[in-house]
Amino acid sequence: MGTVEPQVATTNTSDAQSQVTDGFHLVIDALRLNGIDTIFGLPGIPITDLTRKAQAAGMRVISFRHEQNAGNAAAIAGFLTQKPGICLTVSAPGFLNGLAALANATTNCFPMILISGSSEREIVDLQQGDYEEMDQLAIAKPLCKAAYRVLHAEDIGVGMARAIRAAVSGRPGGVYLDLPAKLFAQTMDAEAGKKSLIKVVDPAPKQIPAPEAVKRAVDLLRSSKKPLIILGKGAAYAQADAEIKSLIEKTGIPYLPMSMAKGLLPDTHAQSAAAARSYVLPEADVVMLVGARLNWLLSQGKGKTWGGKDSKAWGGQKFIQIDISPQEMDSNVRIDAPVVGDIGSCVSAFLNEIKSGWAKPPSEWLNAINERKNKNLAKMTETLAKNPVPMNFHSALNVVRDIIKANPDAILVNEGANALDFTRSIVDMYKPRKRLDVGTWGIMGIGMGFSVAAAVVSGQPVIAIEGDSAFGFSGMEVETICRYNLPVCVVVFNNNGVYRGTDVNPTGGPDVAPTVFVKGARYDKLMEAFGGMGVHATSPAELRKAMEEAIRSKKPTLINAVIDETAGTESGRITSLNPTSAKKK
Ligand code: ADP
Ligand code: TZD
């Protein structure tokens with residue numbers, strides 16, 4: 001990276017020597033000095049000029065139609081690049097719109113910085129009714145990893161350095177940076193301003209695991225007759241792809257990828273136990289978690305999924321957990337061998353430890369898994385080969401599966417309920433960090449923000465598989481996709497509603513049921529409105545043709561894929577999380 005010349009603001013004074021800089025320029029210089037070249041945001045008081053000046057300084061400024069989408073873009077840019085993604089918003093309402101994305105980023109361990117302009121402190125603190133008045137710092141604090149406010153131009157360097165380090169070091173997460181309107185116009189001597197900036201040295205330092213912790217873990221793994229490795233999105237984030245592949249292949253241990261860890265090794269890998277998940281979880285005797293939490297997505301590590309007698313009972317497995325956060329250990333069940341450190345360093349230490357010799361897992365275990373896997377894969381092949389009219393999730397996803405296979409560099413963004421669950425299980429991923437989805441919260445609304453950022457930071461084609469409800473949360477950003485002419489192909493799985501389109505209003509009144517949308521909606525027309533390509537697809541053949549063309553042309557495309565409105569289930573795979581009423585009527 002070349003050196004960054006500070007932006008010098010010239011004043012109106014006649015004295016040509018009085019070179020000054022100001023808050024606007026110092027913020028931009030601080031970002032650029034730290035290698036941050038992109039801002040996702042939405043202009044307005046007091047940050048409009050900041051967006052202009054950032055663009056003038058050569059930064060990429062991607063403007064959105066709603067701050068939540070800009071925030072989601074920043075978060076996923078952070079996940080993909082290991083640099084904090086920047087989201088820039090106006091005060092109170094813009095800040096709040098961005099805050100949902102900041103909280104989601106923190107929950108998912110994605111590094112981002114929400115920078116919001118704020119109103120005048122003196123008025124805000126006395127609650128005297130300023131324009132967009134809100135004590136943003138106080139509100140942000142419980143929802144992110146760290147929150148800072150800068151009041152003086154000479155502190156911008158420190159503020160930005162603290163925000164960057166907080167976002168990416170240790171367990172990554174969201175950081176809030178509050179910049180009051182007054183700060184931007186504050187001036188200081190340009191040279192002093194330059195000196196006040198900090199280029200953060202080693203923002204995410206390696207965290208080497210203790211040798212005895214590694215030995216304890218390797219000994220436990222060695223003793224196992226039925227070992228299993230679970231790779232989570234922390235493993236994908238860590239960018240230790242070669243080491244992880246080597247660990248899996250050298251140990252011969254079967255593995256399960258969590259949703260966003262798919263593709264860390266190709267899903268077609270012989271050791272993937274994904275197609276035998278419900279067999280391996282209760283059967284395994286030692287489970288090693290690599291950058292995955294034992295949260296609801298893994299049934300808290302206990303209960304029936306793990307072979308426990310009831311919903312809270314321990315299944316008897318021993319756990320090894322590799323994680324950068326020591327507090328993650330024992331969150332739900334005992335971790336017999338905690339290994340605290342960054343995944344790259346931890347996995348390298350494991351590889352070093354097993355160099356002296358390693359016996360592959362017993363063949364009974366591997367054969368039993370393969371048997372289940374092959375049976376389930378054969379069943380899936382049969383289901384995918386069917387061609388019902390209208391299309392269902394399977395016949396449509398059979399097409400998506402082929403398209404991703406032919407274009408393994410494409411990034412797949414995915415949200416919805418059935419549209420999410422079926423895509424995750426049907427569409428194989430071949431490369432790391434190519435699958436981006438609703439993550440830890442199962443949040444709807446990440447679709448277009450993730451798609452924009454994925455296209456911007458990777459330059460690769462993006463395919464967004466969206467439930468029709470899911471799409472609605474960020475659908476207006478198709479204008480953003482067209483405006484920046486991004487190679488994004490959105491496929492809306494249109495089944496006329498949330499989950500399905502078949503509910504009826506039990507009163508017989510004129511309102512449709514709460515889960516039902518306008519029937520036969522044409523989402524493709526929305527894309528056409530902004531000059532993109534809109535396609536209405538009612539068969540797998542039409543869907544295939546449109547997706548191939550989208551990939552070939554790299555043009556913004558939205559395919560309205562008509563799905564049987566009776567297909568799918570309430571909440572997809574997590575129907576059981578819906579509370580049931582004790583009273584029947
Ligand atoms: P998934 O949803 O895929 O199971 P989670 O988001 O639950 O994954 O877990 C990711 C875990 O990875 C978090 O506990 C986080 O602390 C950890 N993590 C993130 N980055 C790193 C890293 N570089 N090294 C070690 N652990 C990491
Ligand atoms: N709001 C937010 C922010 N996140 C959520 N997860 C929900 C609401 C609840 N919800 C789900 O969990 S999935 C979903 C909602 C509204 C949409 C499901 O419908 P869909 O997908 O059309 O997107 P399918 O394929 O028809 O199931």
Side-chain angles (χ1 to χ4, degrees), residues 68 72 79 82 100-101 104 106-111 168-173 204-207 209 230-240 244 256-262 264 289-298 321-329 331 339-347 392-393 396-397 414-423 435 437-447 465-474 492-502 514-517 561 563-575 577-578:
Q68 194 174 121
N72 285 325
F79 171 76
Q82 296 183 323
N104 188 55
T106 307
T107 299
N108 281 283
C109 318
F110 298 155
V168 296
S169 62
R171 170 183 279 179
K206 271 191 187 170
Q207 297 193 20
I230 298 182
L231 302 174
K233 60 169 124 51
Y237 174 78
Q239 299 198 13
I244 289 170
L256 280 182
M258 298 301 287
S259 194
M260 281 176 60
K262 274 167 69 77
L264 212 39
L289 301 154
V290 184
R293 286 172 284 187
L294 281 177
N295 56 18
W296 70 281
L297 288 157
L298 282 168
Q321 183 158 24
I322 300 184
D323 205 290
I324 202 153
S325 165
Q327 279 167 284
E328 192 51 44
M329 308 300 160
S331 61
V339 183
V340 176
D342 70 279
I343 286 167
S345 301
C346 292
V347 173
N392 62 10
F393 289 99
L397 284 167
N414 190 199
E415 60 177 336
N418 295 282
L420 176 89
D421 293 336
F422 286 125
T423 306
R435 188 187 150 83
D437 67 27
V438 301
T440 304
W441 267 349
I443 193 170
M444 297 299 112
I446 49 87
I465 303 298
E466 301 273 314
D468 50 338
S469 164
F471 173 70
F473 287 75
S474 65
V492 177
F493 278 10
N494 188 355
N495 60 354
N496 297 340
V498 177
Y499 313 132
R500 277 170 310 202
T502 48
T515 56
V516 168
F517 294 158
I563 303 288
D564 183 355
E565 66 171 10
T566 67
T569 55
E570 176 108 354
S571 307
R573 290 258 170 92
I574 51 175
T575 308
L577 298 184
N578 286 300

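As the structure lists them, so they are numbered: ligands from 1, and atoms in each ligand from 1.
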I need the atoms of ligand 1 closer than 4.0 Å to a non-hydrogen atom of [X], numbered in the order shown.
X      : answer
Met258 : 3 (O), 4 (O)
Tyr237 : 20 (N)
Gly291 : 8 (O), 9 (O), 10 (C), 11 (C), 12 (O)
Gly232 : 3 (O)

Nearest protein heavy atom with distance in Å, relative to [atom]:
atom                    : answer
atom 1 (P) of ligand 1  : Lys233 N, 3.7 Å
atom 15 (C) of ligand 1 : Asp323 OD1, 3.4 Å
atom 25 (C) of ligand 1 : Ile343 CG1, 3.2 Å
atom 5 (P) of ligand 1  : Arg293 NE, 3.4 Å
atom 17 (C) of ligand 2 : Ser469 OG, 3.3 Å
atom 27 (C) of ligand 1 : Ile324 CG2, 3.8 Å
atom 23 (N) of ligand 1 : Ala238 CB, 3.8 Å
atom 18 (N) of ligand 1 : Gly234 CA, 3.9 Å

Can you tell me if [X] has a non-hydrogen atom under 4.0 Å from ligand 2?
X      : value
Phe471 : no
Gly497 : yes
Gly445 : no

Practice task
Under 4.0 Å, heavy atoms only, figure out whether ligand 1 is touched by the backbone of Asn295, its side chain, both or neither.
Solution key: side chain
Problem - Validation row: Asp468, Phe493 side chains within 4.5 angstrom (heavy atoms) - result: no
Exercise for the section: Compare all side-chain heavy atoms of Leu420 with those of Val438 and state whether any distance is below 4.5 angstrom. Expected result: yes
Fill in the blank from the handout: Looking at Met444, Gln68, Glu415, the heavy atom closest to atom 5 (C) of ligand 2 belongs to Met444
Problem - Pick from Phe473, Phe422, Phe517: the one approaching atom 8 (C) of ligand 2 most closely through a non-hydrogen atom - result: Phe473
Ignoring hydrogens and angles, tell me if any N or O in the side chain of [X] forms a donor-acceptor pair with the backbone of [Y] under 3.5 Å.
X      : Y      : result
Asp421 : Asn418 : no
Asn495 : Asp564 : no
Gln321 : Ala292 : yes

Which bit of [X] gets closer than 4.0 Å to ligand 2, counting heavy atoms only: side chain, backbone, both or neither?
X      : value
Phe493 : neither
Trp441 : neither
Asn418 : both

Problem - Gly341 heavy atom under 4.0 Å from ligand 1 - result: yes
Are any of the N/O atoms on [X], whether in the backbone or the side chain, positioned under 3.5 angstrom from an N/O atom of ligand 2?
X      : value
Ala470 : yes
Asp468 : yes
Ala417 : yes

Exercise for the section: Scan side-chain atoms only and decide if Asp342 and Gln207 contain a donor-acceptor pair under the 3.5 Å cut-off. Expected result: no
Exercise for the section: Can you see which heavy atom on Thr440 is nearest to which on Trp296, and at what distance? Expected result: O-NE1, 2.8 Å
Practice task
Look only at interatomic distance and state if Leu297 has a nitrogen or oxygen under 3.5 Å from any nitrogen or oxygen of ligand 1.
Solution key: no
